[in-house]
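So the structure is just underneath, and the comments pick up after that.
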Amino acid sequence: MSDVRPLEPGSRYELRTGLSPDAPDEDKFKDEEGAFGYCHSYETSSRYDGPGLRAVLFVSGCLLRCTYCHNPDTWHLKDGSYMPVTQVLKRLGSFAPALVSVGGGLTISGGEPMVQLAFTRRIFRGAKDMGLHTAIETSGFLGDRADDDYLANLDLILLDMKSGDPDTYRRATGRDLAPTMRFAERLAAMSKPVWIRFTLVPGLTDDPANVEKIAKFVAPMKNVEWVEVQPFHKMGEFKWKAIGLEYKHANTEPPTREVVNRVLGQLRDAGCQAR
Ligand code: SF4
C-alpha cells in the first residue's frame, strides 16, 4: 500500500516521480471505489484550461505515449501522490467560493483522468455540489469507460484529437485513433460542449492532409465550440531526460507563424471556429 501524501500545489512543468512505488500499473488498474487516487499536482489560477479562472488538478496515469508529451511524469500511477478523495475535495472547497464568484471552475487533466474513473467521478460530483463549472481534458482513448452518469457531471470536454489520420495518430501516441473518434461522435450526439485541442508538431502532425481530416470530421459537430491549435513546445523536454527516456523532438522547432496560420485557415475554411 502506497503512503498517503498531501495534495501539493505546483505546476504541470514540475517533475514528480517515484512517490508511490507500490502503485499498480496504469494499464491494469481497476478503479472501482475511487476513495483514493494518485495525483501529480494542482494549479489554482489557469486561464487556459476552460472558461474563466480554473483550478486544474493533474492526475496520474495515461495509456498513451505521445512523443511530444510535456508531462511524461504523469504516465504512471507510481509517480503520483496517493491521497484520499476527501483531501482533494477539502482543498477544492477552499477555492470554490472564489472560483464561483468569477465564473470559473475545476478542470481535471493529467495524465488521463479516465484511468482513475471512480476517483475523478467523485471529484467531479463534489465540484458540481460546490456549484463549480467542470471540465475534463482527455485524449478520449478511454471514452468508452465514461458512462452517462460520468458525463452528466461534466460541463465541458477538452478533447485532445492529436491527429485526424490513424497512422499519424499511432506514430504520435502509440495507440489507435478510433476510440477518440467514437467518443467525439457520442459527445456530438448528446450535444455535450466540446473544445477540440490539436497539438501542431512540425514533421509529425502538421501535414495538410492530416489537418484536413480533423477539419472535415469536426466541422459538422454543432457541439464543438472551439478548435484550439496548440503549437508544439519543448517545456517538458527536461523531464524526458530526467526520467531517462529518449526524446524524439530534440531537433524539432515550434511551428512558424505561417504554418499555424495555414492550419487555422484550413480549419476555418472547413467551417470550424478555430483559434
Ligand atoms: S495523452 Fe497527454 S499525458 Fe498522455 S502521453 Fe499524450 S500528451 Fe502525455
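Both counts, for ligands and for their atoms, begin at 1 and track the order of listing. Small disclaimer: the values here were computed from a predicted structure and weren't measured.
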Set of ring pair (Phe, Tyr, Trp, His ring centres under 6.0 Å) partners for F183, sequence neighbours left out: none
For F217, give me all partners under ring pair (Phe, Tyr, Trp, His ring centres under 6.0 Å), at least two apart in sequence or on another chain. none
E225 and W195: side chain donor to acceptor below 3.5 Å: yes
With backbone taken as N, CA, C and O and side chain as the heavy atoms from C-beta onward, which portion of E112 lies under 4.0 Å from ligand 1: side chain, backbone, both, or neither? neither
May I ask whether F124 and Y38 are part of the same hydrophobic cluster, defined by side-chain heavy atoms of I, L, V, M, F, W, Y residues being less than 4.5 angstrom apart, directly or through others? yes
Are F119 and F29 near enough that their ring centres are under 6.0 Å apart? no
Distances under 2.8 Å only: what protein N/O/S atoms are near atom 8 (Fe) of ligand 1, ordered by chain and residue? C69 SG
After noting the C-alpha distance and the side-chain angles of Q266 and E212, does the key distance pass the side-chain hydrogen bond (donor to acceptor under 3.5 Å, both in side chains) rule? CA-CA 7 Å; Q266 280 187 268; E212 206 60 32; 2.7 Å; yes
In terms of residue, atom name and distance, what is the protein heavy atom nearest to atom 2 (Fe) of ligand 1? K162 NZ, 4.0 Å
Qualifying salt bridge (Lys or Arg N to Asp or Glu O under 4.0 Å) pairs, either residue in residues 58-83, two or more places apart: E26-R65, D73-K239
